[in-house]
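What you see is a predicted model; the values in this text were computed from it and never measured.
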Amino acid sequence: MNPKWNRAAALAGSVVFVTFAGSALAQTCSTYHEAPILADQVASGALPPVADRLPDEPLVVEPAEQTGVYGGEMVDTTSGSRIAEFRHYGYEPLVRWSVDGSEIVPNIAKSWDVSEDATTYTFHLRKGMKWSDGEPFTAHDIVFWWEHVETNTDLNPTPRGFFLVDGEPATVEALDDETVRFSWSKPNGLFLLNLATSYGQRVVQFAEHYLKDFDRDLNPDAVAEKMKQAGETDYNKWWWATVGSYGSQAEYNDPNRPQIQAWIAAEPFLGKERFSFVRNPYFFKVDPDCNQLPYIDERTWVLVQDPEVELAKSLSGEIDISRVAISNPSNRAIFFQNQEQGDYRIIEADSADMNTGYFMLAMNHPDPFKAKVFQDKNFRIGLSLAIDRPEIIDVVYLGQGEPYQAAPRPNSPYYNEQAAKQYTDYDPQKANEYLDKVLPDKDAEGFRLNDKGERFHLLLTVDQGFRPDWVDMATLVKRYWEAVGIEVTLDVVSDELYQDRSVAPDRDLNLWIAENGSGRLPLIGAGVMLGGPGMAGNMDAWELGYAEETGVSANFGSEVAGNVEPVKPPEEVKHLMDLLVEIPTTAGDKQEALMKDYVQSIADYFPNIGIALPAGNYRAVRNRLRNVPYHLIEGWLYPGIAPANFSSFYIDPDRQ
C-alpha cells in the first residue's frame, strides 16, 4: 500500500490518536524575502519587516516547477456570483488536501491530535500568525465564529451537518491562543475529511476584533447604526448582505474586513465588470527559499456570463487559466487547435466525480402510479439498459470516459464492480423485457400506458446553465427511452429555474452530476449514491417516515417538501438510511466495513441511473503562468483545483 495513502487513512478515516506536524524547513531561515511592491511601505513604517509579519513557523509550500518571481497580474473570470466558492481563489482552511489528493496536510493548523475514539480533535495553530490587518489570528477567533455565527440562530437555523453528531453540536474551546479543540460525546469519524473540504473554510473567516461590531448581541448600538445607514430593518438579511459566510459575495466585498487569504479586496467589487485583489502582506506561507508568498501581485477577475464569450477569451489567451465549465471534452479539439495562437498549454485535470450525470427518479411521486413504477427496480434496470452509453461518450464526450453508474471510482478503496458497471450494456431487447414487467400495455405507436390507459410520460429536467453538454446527452437519452416505449419531454431550463423545478413535489426525474467518487471522498459524499444530498432525488415521504420511526431526522438526498405524509421506507431503503446515519459516528475498521456494506447495498437496490465515468478534462493555462502542476484534480468536496497552491503560481516576466 502507498505509504501516503496509509497515512491519509489514519488521519481521515481510520482515526487513531495521532499528532501530525508540518514542515520545519522555514525555521532554518535567517532572513525572509518579500515582494518588491511592499518595500516602500516597510521603509516608511506603514508595514513591519516581513519577518515580523510571518508566523513563527510559516507553512512551506514546495512549488510545482521552481522558485517563482515576484510581480504580475493573474487574470481569471467570474460569472458574477460566488467569488468565495474557493475553487479558484481562497482555499485556506485549518487542514487541506494535498495537491495530489492523497492525504490531508497542515495548513493554518500546523499539527493536530485526534483521540482514539474520534470524539476529540485538537488543532495547534501557528504562533504569531496574523490577519491581513496585522492583528493576531488566534483560537479565540474560531470560538467567536462558532458562538456568534455558526450556532447563532439569528443567522443560521443550524450548524452545517459535519459539526453535528446525532444532532449534538460540537463543543469548541480555545485551550490557549494557539490551541482549539472540537469535541462531541460520540465519535465524529469524518470530521477531518470534512474540514479539508471547501466547507471547512468557514471556521477561519471571522476576525473577532473586527466582526464583533457586526454582531447584534455584542454591539447592538453599532449594528443598529449600520443597519440604519444601509436602510435595512431585517438583521438576518442585512448580515448576509454585509458580512456573509460560506460562498456569499459579501464575504470578501468589504476591503476593511481582515482575511487570511493570499489576495484581498482593495475596494468593494460587487457590480463591477472587472476588479482586482491585492496581495495580503501578512500571508502565512513561504517557499523553500524563504520568500513570502504569494508571488503574484494582483488577482484580477473579469465578469463573463456567456460560456461562448468565456471560451473565446480563453482561446485568445486573455484568461490565465480556463474554467471547468468550458474545459470539457467537447471543446478539447478547439483548445488544442488554438494553443499557439492563444499562447497557452493544455494541462490534464482528472475528475474526482463518479459520473458525468445521473438520473434520479421521484420514488415518492405524488401520483401513486408513478411512485409505484419508479420504485420498481425492473423499471430502473429497463431504462438503464436502453441507454447507448458508447454513443453518448463518442458524440457528447468525444470518446472520453467509459459506461458507469453513480458509484465510487476505480481509484477508491470503496470501488465495487457491481455498483459501477451493472446494467451499463446497451441492450434494447433486454430493456424491453424488464419494462414489460412494469408497463406491459402499449398504444398503437408502441408507447407504454399507465393505469388510466394514457401514455406513461416522463418529464426530464435539465439545467443547461450548469452543464451545456447535458442538453445533447438528454436529447439522446430521450430518443433511447422512446425507442422502448417511454414518452419523454425535455424540460431544458436555466440554472435559476432548475433550483425551483428540481424540488417541485411532482418532479419525475432530474439530472445532476454525481460528485465525490475519488479516493476516500465517497465517505463524506455517500448520500450522492442514494440521490442526494440536495440532488433532487425525491424520497420525501420515506425520509419523514424514517424520522418518525427512528427519531433521527437527517437529509438523505431529498429536499423535503411541505404537506407530505410520512411513509415507512422499504427495508432496503431503511438499511441504507441507517448506514448513512451510522457511518459518520464511527471510525477505523468499523467505519470501513459499514461503508463497503453501504456501497454493496446501493448496488443491490440500484436507486439511480448513471451515464459515464468522467474523463478527458483539462485546463488551458497561459504559458506565462508557471508553477501550475501538470496534473490537476477537479472536484467538489475536494475543492479542485484550489489545492494546487495558487499562492505559488507566478507570472514569467519574459512573457508578460
Side-chain angles (χ1 to χ4, degrees), residues 23 25-26 29 31-42 47 50 53-54 58-77 86-92 96 98-100 107 132 259-266 275-302 313-314 317-323 339 342-349 618-633 640-656:
S23 169
L25 179 61
C29 294
T31 303
Y32 290 103
H33 312 291
E34 65 186 354
I37 199 172
L38 299 177
D40 288 346
Q41 296 179 62
V42 174
L47 277 179
V50 61
R53 303 197 306 267
L54 287 164
L59 179 63
V60 181
V61 176
E62 188 73 40
E65 296 173 340
Q66 62 188 33
T67 299
V69 177
Y70 283 123
E73 173 192 45
M74 178 179 168
V75 182
D76 202 345
T77 61
F86 309 119
R87 280 158 188 83
H88 266 233
Y89 168 51
Y91 175 60
E92 300 294 350
R96 73 196 320 263
S98 60
V99 177
D100 65 1
N107 199 51
S132 58
Q259 306 285 356
I260 46 84
Q261 313 292 352
W263 298 273
I264 54 178
F275 57 90
S276 296
F277 284 14
V278 298
R279 65 170 55 252
N280 172 5
Y282 293 91
F283 191 56
F284 64 101
K285 299 184 183 182
V286 299
D287 69 13
D289 293 327
C290 307
N291 299 302
Q292 185 189 29
L293 298 173
Y295 294 126
I296 294 173
D297 283 338
E298 287 187 82
R299 289 288 308 275
T300 294
W301 282 270
V302 178
K313 286 182 175 293
S314 294
E318 296 177 50
I319 307 302
D320 279 301
I321 185 165
S322 62
R323 287 282 184 154
Q339 284 184 86
D343 193 23
Y344 57 77
R345 63 196 182 279
I346 302 297
I347 284 178
E348 299 301 318
Y618 54 89
R619 293 299 182 97
V621 180
R622 289 178 74 180
N623 288 321
R624 71 175 198 154
L625 185 67
R626 309 310 307 180
N627 278 344
V628 182
Y630 182 72
H631 277 98
L632 299 170
I633 302 176
I641 58 174
N645 289 316
F646 275 65
S647 64
S648 69
F649 295 0
Y650 74 95
I651 303 296
D652 184 341
D654 295 330
R655 290 179 174 269
Q656 286 276 20

(message) So does Asp654 get a backbone contact from the side chain of Asp652, meaning a donor-acceptor N/O pair under 3.5 Å?
(response) yes
Rounded to the nearest 0.5 Å, the CG atom of Leu293 sits from the OH atom of Tyr70 at a distance of 6.5 Å
Rounding to 0.5 Å, atoms CZ (Phe277) and CD1 (Ile264) come to a distance of 9.0 Å
Separation between CE (Met74) and CG (Leu625), nearest 0.5 Å, reads 5.0 Å
Those residues at least two apart in sequence (or on a different chain) that pass salt bridge (charged side-chain N to carboxylate O under 4.0 Å, His left out) with Glu298 are none
Between Asp320 and the options Arg622, Arg655, Arg345, Arg626, the salt bridge (charged side-chain N to carboxylate O under 4.0 Å, His left out) test singles out Arg622
Sorted by chain and residue number, the salt bridge (charged side-chain N to carboxylate O under 4.0 Å, His left out) partners of Asp297 (sequence neighbours excluded) come out as Arg279
Do we see a donor-acceptor contact under 3.5 Å between the side chains of Tyr650 and Gln66? yes
key: Asn627 (side chain) donor-acceptor with Ser648 (main chain) under 3.5 angstrom   = yes
Self-check item: Whether Gln292 side chain and Pro281 backbone form a donor-acceptor pair below 3.5 Å
Solution: yes
* Asked: Can you list the steps and then say if Tyr344 with Ile319 is a side-chain contact (heavy atoms from CB on, under 4.5 Å)?
  -> CA-CA 10 Å; Tyr344 57 77; Ile319 307 302; over 6 Å; no
When Gln261, Arg53, Gln259, Glu92 are each screened for side-chain contact (heavy atoms from CB on, under 4.5 Å) with Phe283, the one that passes is Glu92
Contacts of Ala644 meeting side chain to side chain contact (heavy atoms under 4.5 Å, CB included) (sequence neighbours excluded), chain-then-number -> Pro629, Leu632, Phe649
**Message:** Could you check, using the six-membered ring where one of them is a Trp, whether Trp263 and Phe646 have ring centers closer than 6.0 angstrom?
**Reply:** no
